[in-house]
Amino acid sequence: MLSYSFLLDRLPPAADLHRAIADLYGVDPARVHVGRLYEDDGGPPATVSCTYAPLPGGDFPWRLDIGADDTVTGPSEPATASALAHRFGLRALLSLNAPSDEYWRLITPTEDHQVPLNLDELDHDRYVLAVTG
């Protein structure tokens with residue numbers, strides 16, 4: 001069972017995201033649900049569910065959650081984020097699941113590396129890249 005969650009700098013149109021998720025996971029589009037978190041009671045039963053939620057500003061104002069049942073063997077969380085970044089020209093931010101929230105994984109259409117976050121902004125649930133240099 002897959003369960004992924006990462007942040008996006010912008011949200012693609014729902015219909016385009018629906019097609020991308022179906023393609024990425026090799027699932028009939030009729031078995032994919034894409035919708036806003038907590039709306040339509042989670043949608044109809046689906047093999048793959050993709051929900052999104054707005055966050056309170058920052059460089060990454062959208063959270064994307066993807067879940068799939070046991071029949072789906074899909075790409076890893078970083079591979080999923082990378083595929084969406086390439087397809088839509090966006091940036092994705094993934095937790096490193098480290099003891100500190102200072103560094104996160106940034107995936108763009110051309111890069112994949114660790115970046116520091118502004119911890120003061122993070123205290124307010126805003127994901128803002130730290131200015132370095």
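Between Val48 and Ala68, the shortest heavy-atom distance links the atoms CG2-CB, 4.1 Å. Nearest approach of Thr80 to Tyr25, heavy atoms of both residues: OG1-OH, 2.8 Å. Minimum heavy-atom separation, Gly89 to Pro109: CA-CG, 3.7 Å. Heavy-atom minimum distance, Leu55 versus Trp62: CD1-C, 4.1 Å.
Residues Asp59 and Leu7 fail the side-chain proximity criterion, which asks for heavy atoms closer than 4.5 Å. Under the 4.5 Å side-chain criterion, counting only non-hydrogen atoms from C-beta, Leu129 is not in contact with Pro116. You'll find the side chain of His33 stays beyond 4.5 Å of the side chain of Cys50, heavy atoms only. A 4.5 Å side-chain heavy-atom check between Asp112 and Ser82 finds every atom pair outside the cut-off. Put simply, the side chain of Arg36 reaches to within 4.5 Å of the side chain of Tyr52, judged on heavy atoms. Two residues are said to be in side-chain contact when any heavy atoms from C-beta on lie closer than 4.5 Å; Leu2 and Val72 meet this criterion. Between Arg31 and Asp28, some side-chain heavy-atom pair lies under the 4.5 Å cut-off.
Here Ala53 pairs with Leu37 under the side chain to side chain contact (heavy atoms under 4.5 Å, CB included) rule; sequence neighbours left out. Not counting sequence neighbours, the partners of Thr71 by the side chain to side chain contact (heavy atoms under 4.5 Å, CB included) test are Thr47, Asp69. Remark: Thr108 pairs with Arg91, Leu106, Thr110, Glu111 by the side chain to side chain contact (heavy atoms under 4.5 Å, CB included) rule, at least two apart or across chains.
Under the 3.5 Å distance criterion, the side-chain polar atoms of His113 are left unmatched by any main-chain donor or acceptor of Arg105.
Residue pairs meeting the salt bridge (charged side-chain N to carboxylate O under 4.0 Å, His left out) criterion with at least one member in residues 13-25, sequence neighbours excluded, are Asp16-Arg19, Asp23-Arg87. Applying the ring pair (Phe, Tyr, Trp, His ring centres under 6.0 Å) rule to pairs touching residues 69-104 yields Trp104-Tyr127, sequence neighbours excluded.
Both Leu90 and Ile21 belong to a single network of hydrophobic side chains, linked directly or stepwise wherever heavy atoms of I, L, V, M, F, W or Y lie under 4.5 Å apart. Phe60 and Leu64 are assigned to two separate hydrophobic clusters, defined by single-linkage of ILVMFWY side chains at heavy-atom distances under 4.5 Å.
Atom-to-atom distance recorded for Leu8:CG and Leu93:CG is 9.5 Å, nearest 0.5 angstrom. Of the inter-residue distances, the one linking Ser5 atom OG with Asp65 atom CG reads 4.0 Å to the nearest 0.5 angstrom. Here the CD1 atom belonging to Ile107 is positioned 10.0 Å from the CG atom belonging to Leu84, to the nearest 0.5 angstrom. Asn118 contributes atom CG, which lies 9.5 Å from atom NE2 of His124 (distance to the nearest 0.5 angstrom).
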Please table the atom pairs, donor to acceptor, closer than 3.5 Å between any side-chain atom in residues 94-102 and protein atoms at least two apart or in another chain.
from, atom 1, to, atom 2, distance (Å)
Ser95, OG, Asn97, N, 3.0
Ser95, OG, Asn97, OD1, 3.4
Ser100, OG, Glu102, N, 3.0

